[in-house]
Peer 1: 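Okay, handing you the structure first.
Quick note on labels: first sequence line is chain A, next is B, and so on, each numbered from 1.
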Amino acid sequence: EPEVTQTPSHQVTQMGQEVILRCVPISNHLYFYWYRQILGQKVEFLVSFYNNEISEKSEIFDDQFSVERPDGSNFTLKIRSTKLEDSAMYFCASSEQTVNNQPQHFGDGTRLSIL
Amino acid sequence: QQQVKQSPQSLIVQKGGISIINCAYENTAFDYFPWYQQFPGKGPALLIAIRPDVSEKKEGRFTISFNKSAKQFSLHIMDSQPGDSATYFCAAWVGGKLIFGQGTELSVKP
């Protein structure tokens with residue numbers, strides 16, 4: 001069964017450094033998402049992306065964050081200047097369509113640790 | 001209100017028992033309600049989902065009950081097994097994104 005893959009599985013970065021999290025969505029999917037999960041808390045929506053532009057973003061997704069689809073297969077999340085509170089699991093998801101009842105498939109996440 | 005409230009936070013059930021997890025919402029614009037199962041170190045995996053024009057959906061041992069007037073929905077796991085031990089999240093879809101509940105950590109004792 002096709003799956004969403006994320007790399008790296010764990011990223012340790014010094015505060016203030018830039019970090020790029022990478023995702024390969026399922027190949028025929030058109031909609032891409034990033035979510036994050038702070039340890040012990042719920043999964044929170046960050047951003048959705050379709051047709052090479054952001055469809056929707058949350059309050060969390062401020063100017064420090066950016067997303068890009070640099071080629072036909074990768075989808076990246078960049079955090080420009082990391083803060084301690086950015087430490088979390090970051091999940092990429094994709095779906096075939098965005099209308100309701102089209103499931104979002106999640107990757108296994110990247111654990112981001114900011115020191 | 002774009003929140004989904006989930007309870008209980010944790011649940012211990014004996015093997016063979018019924019696990020019940022409840023969720024409630026306020027926003028009537030929510031129009032798709034999936035449940036996700038998450039094992040440690042893994043991403044959320046879609047378990048079962050329901051639309052608000054349906055009151056119940058069953059897939060194997062998993063059933064969603066949906067009460068539109070009360071704005072509540074619940075997951076029932078029949079004949080719970082130790083392999084069902086995981087964290088379960090309810091979610092609601094609105095405006096192109098999923099809003100998740102806080103999660104329920106289910107432990108099924110042999």
Peer 1: For A/Q37, is it the side chain, the backbone, both, or neither that has a heavy atom closer than 4.5 Å to a heavy atom of chain B?
Peer 2: side chain
Peer 1: Given the rule that I, L, V, M, F, W and Y join up when any side-chain heavy atoms are under 4.5 Å apart, are A/Y90 and A/V4 in one cluster?
Peer 2: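 The answer is no; the residues belong to distinct hydrophobic clusters.
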Peer 1: Could you report the tightest heavy-atom contact between A/F106 and B/P44, atom names first, then the distance?
Peer 2: CB-O, 3.3 Å
Peer 1: Sort and list the pairs that fulfil salt bridge (Lys or Arg N to Asp or Glu O under 4.0 Å) and have at least one residue in residues 19-32 of chain A, not counting sequence neighbours.
Peer 2: none
Peer 1: Determine whether more than 12 heavy atoms belonging to other residues, nucleotides or ligands lie under 6.0 Å from atom NZ of A/K83.
Peer 2: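 More than 12 heavy atoms, drawn from other residues, nucleotides or ligands, come within 6.0 Å of this atom.
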Peer 1: Is the number of heavy atoms from other residues, nucleotides or ligands within 6.0 Å of CZ (A/R69) greater than 12?
Peer 2: yes
Peer 1: If I measure from the heavy atoms of chain A, does B/E105 come under 4.5 Å with its side chain, its backbone, both, or neither?
Peer 2: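 When you check distances to chain A, no heavy atom of B/E105 falls under 4.5 Å.
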Peer 1: NZ/A/K42 to CD1/B/I99 distance, rounded to the nearest 0.5 angstrom?
Peer 2: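 The CD1 atom of B/I99 is 7.0 Å from NZ of A/K42, to the nearest 0.5 Å.
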Peer 1: Crowded around A/D63 CG? As in, over 12 foreign heavy atoms under 6.0 Å?
Peer 2: no
Peer 1: With a 4.5 Å cut-off on heavy-atom pairs, point out which of B/G103, B/A45, B/G101 contacts chain A the most.
Peer 2: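 Most heavy-atom pairs within the cutoff with chain A belong to B/G101.
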Peer 1: Heavy-atom count around A/E85 CD within 6.0 Å, excluding the residue itself: above 12?
Peer 2: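 Atom CD in A/E85 is crowded, with more than 12 foreign heavy atoms closer than 6.0 Å.
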Peer 1: At a 4.5 Å cut-off on heavy atoms, which part of B/P34 comes close to chain A: side chain, backbone, both, or neither?
Peer 2: neither
Peer 1: Please classify the contact between A/Y35 and chain B as side chain, backbone, both or neither, with a heavy-atom cut-off of under 4.5 Å.
Peer 2: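 For A/Y35, the side chain is the part near chain B, not the backbone.
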Peer 1: Could you check A/Q104, A/K57, A/E56 and say which one makes a side-chain contact (heavy atoms from CB on, under 4.5 Å) with B/K97?
Peer 2: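 Checked A/Q104, A/K57, A/E56 against B/K97; only one passes side-chain contact (heavy atoms from CB on, under 4.5 Å): A/E56.
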Peer 1: What part of B/L98 lies closer than 4.5 angstrom to a heavy atom of chain A: side chain, backbone, both or neither?
Peer 2: both
Peer 1: Looking at B/F33, B/F89, B/Y36, which has the largest count of heavy-atom pairs under 4.5 Å with chain A?
Peer 2: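 Most heavy-atom pairs under 4.5 Å with chain A: B/Y36.
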Peer 1: Tell me whether A/V47 is reachable from A/L112 by hopping between hydrophobic residues (I, L, V, M, F, W, Y) whose side-chain heavy atoms are closer than 4.5 Å.
Peer 2: yes
Peer 1: In the single-linkage hydrophobic clustering (I, L, V, M, F, W, Y; side-chain heavy atoms under 4.5 Å), do A/I38 and A/F91 co-cluster?
Peer 2: no
Peer 1: Name the region of A/S55, side chain, backbone, both or neither, that has any atom closer than 4.5 Å to a heavy atom of chain B.
Peer 2: neither
Peer 1: A quick test of your reading: do over 12 heavy atoms of other residues, nucleotides or ligands sit less than 6.0 Å from CG of A/L39?
Peer 2: no
Peer 1: Looking only at heavy atoms, what is the nearest atom pair of B/G43 and A/D108, with distance?
Peer 2: N-OD1, 3.1 Å
Peer 1: Find out whether B/Y32 and A/P103 are in side-chain contact, i.e. whether some heavy atom of one side chain is under 4.5 Å from a heavy atom of the other.
Peer 2: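 With C-beta onward as the side chain, the pair touches.
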Peer 1: Using side chain to side chain contact (heavy atoms under 4.5 Å, CB included), reason through A/F45 and B/F100 one step at a time and then give a plain yes or no.
Peer 2: CA-CA 8 Å; A/F45 170 79; B/F100 282 83; over 6 Å; no
